[in-house]
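The block underneath contains the structure these notes are about, expressed in structure tokens.
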Amino acid sequence: MGFLGQVGAWLSNPSRWQGVDGIPNRVGEHLFLSGLAVGIAILIALPLGVLLGHTGRGGFAAINVANMGRALPSMALLAFALPLAFSLGLGLGFWPTLLAMIPLAVPPILTNSFVAVREVDRDVLEAARGMGFREWHVLSEVELPLAAPLIIVGVRNAAVAVVATATLGALVAGGGLGRYIIDGLALQEYERLVVGAILVALLAVAVELAFGIVERLAVSTGARADSAQRDAPETASPR
Amino acid sequence: MADRSPGHDALLTTGGRGATVELRDVSKQFGPAVKGTAGAVNNLSIEVPPGEICVLVGPSGCGKTTTLKMVNRLVEPTSGQVLIDGQDVQRIEVTALRRRIGYVIQQTGLFPHQTIGRNVATVPRLLGWPEERIRARVDELLRLIGLEPERVRDRYPSQLSGGERQRVGVARAMAAEPPVMLMDEPFGAVDPIVRERLQNEFLRLHRRLGTTVLLVTHDIDEAIKMGTRVAVMQQGGHLAQYAPPAELLTHPASEFVADFVGADRGLKRLSLMTVDDVELGRAATARLGEPVGAARARAGTASWILLLDADGRPEGWLSVGQLREDREITSELADPSSPIFTHETTLREAISRLLATAVQTGVVVDENGRYEGTLSLETVGAALRASAAESTNGAAVPSGAEPATERAQ
């Protein structure tokens, strides 16, 4: 029996599909932790990035600080998060992993929301102000809809990175799909290891695809880049 | 997103007709250290009567756009006052002010993520009009600018041509019937053929609406064509001259203005005058089928006779020398190469067409194509000299009191 057959046999054991260490529970844990980390990162980075982009001030400083978080290895972040979680009485597993994932998710969201808002056509903003939009309306009716595609890309990149990296949580006794990889290594049970790795990869791809759908639904036809210049009869002016 | 603000009722009631716009000693400096920065404005005073088109023209950096933006307070003046119908714009809440002033910019500034219909509806929505009224107004405006509502209403700006987008920008600015419109290089981003068409459309539209317009351009030809008054500005934000276009061309106030309007200002003046401004000449005429003898008798000493058909429409010129006594006049004998003008033809166009043909005389016809008189290079020259002399005597400079009729199309 080849290795693939062994993997198949491992998967067909009904005990793999139920209980705490079953695949559905591990996938659920993994998604919950990743979702929460990205959610918190959005709450921090999106308003900050949008505000900095709107005012156009201090944005690059903030982005540089945030990018230092990206430069730190995730393992190191986890190592920092562990004593922090202990000192806050949050214990092992879930919380230190969550704390380590947030700095990973913040930079792409912050950078993209800042750049997206700042890059909105100046003429469009001037027209909006000239017609009597209040600043709040400029932001909510013009800047955010036009920035949406790029912001969604930022969130997508953050989500994919977190889903892939959250496997490390198993090192600090967390749940999620990392369990299969860490335990598979420890037990020299390579079927387990491979299944874990494949599931993480599939999950990351699924997240990527899901955001593609979100973008289709959330972004106005006119704001999408690919609609530009479609079926314009007269020659459009050069810009 | 509608919200209303109190304290500007006077401005709100002026919808539908133009307002007086007055700039009093307005200055704008950008930063203390930099004197004479691009865009600065220096003690500018201009009064634009209701319903007129005031064109601000000058080289880049002369402060014309800054001046425009001080009217809707996108730029706040360092000193001086801007008054609309006597009311200081500083005393009007800024968003309320802007909702009553139409604003058109070069790149249109249309919202790319909103449909054409929604773009046009912007200010009415801000003002909180009921949905029904907004929908009716949008369709009315789209028709007014020559676009079919059914075709464009649900499209996005990127799906229209440059000229169509520019029209939509104008429609959006007019949506709430503002008494004042500000236009910053509104026809600058389209090719010359489309620009010419948009200019003519806008003049036609303006004649119907009577809005007071302030328009910025760097193109002196556009200024002369569009303006009932032209404010020529020069570097440092100084007003060099403020006058109706004809006066600008006949009497430039300074060397700078003379240079700016160009050495060909005589030719430019021709585009402000039409065939209507000229005393038409008379030609001997003959009818189709008439005996040659009768026609010849009428020609007297003239060597050419104009042949008309039964309805009085010109067929062409007959050379008296070539007519044979024993014949009837037929249309084959006539030379049809003479240009035909209407009353609306500008003298500039008339001259250019006269120069392009071998004939020195053009034929002027009425709206039904019937012969009215003739126009030659000499008569055009005489008219041009007469109008210059007239304004030198200080009399009858076209004052812009009847702006619509004297403008070139």
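From a predicted model like this one, the values you see are computed outputs, not experimental measurements. Letters A, B, ... are given to chains in the order of the sequence lines, protein chains preceding strands, and every chain is numbered from 1.
From A/Glu141, atom CD reaches atom NE2 of B/His113 across 7.0 Å, with rounding to the nearest 0.5 Å. Atom NZ of B/Lys69 is separated from atom CZ of A/Arg129 by 11.0 Å, given to the nearest 0.5 angstrom. Note that the NE2 atom of A/His137 and the CG atom of B/Leu126 stand 7.0 Å from one another [nearest 0.5 Å]. Note that the CD atom of A/Glu126 and the CG atom of B/Asp184 stand 7.0 Å from one another [nearest 0.5 Å]. Atom CG of B/Leu127 is separated from atom CE of A/Met131 by 11.5 Å, given to the nearest 0.5 angstrom.
Residue A/Ala128 touches chain B through both its backbone and its side chain, counting heavy-atom pairs closer than 4.5 Å. If you measure heavy-atom distances from B/Leu182 to chain A, you find no contacts under 4.5 Å at all.
Within 6.0 Å of CG on A/Leu88 lie more than 12 heavy atoms contributed by other residues, nucleotides or ligands. Dense packing is recorded around CZ of A/Phe211, with more than 12 heavy atoms of other residues, nucleotides or ligands lying under 6.0 Å away.
What you find for B/Leu110 and A/Val124 is that their closest heavy atoms are O-CG2, 3.6 Å. Nearest heavy-atom pair across A/Phe133 and B/Thr122 is CE1-CG2, 3.3 Å. Summarising the geometry of A/Ala127 relative to B/Gly109, their closest heavy-atom pair is CB-O, 3.5 Å, with the distance given to 0.1 Å. Summarising the geometry of A/Asp123 relative to B/Ile105, their closest heavy-atom pair is O-CD1, 3.3 Å, with the distance given to 0.1 Å. Considering every non-hydrogen atom in both B/Pro112 and A/Leu146, the closest pair reads CG-CD2, 3.5 Å.
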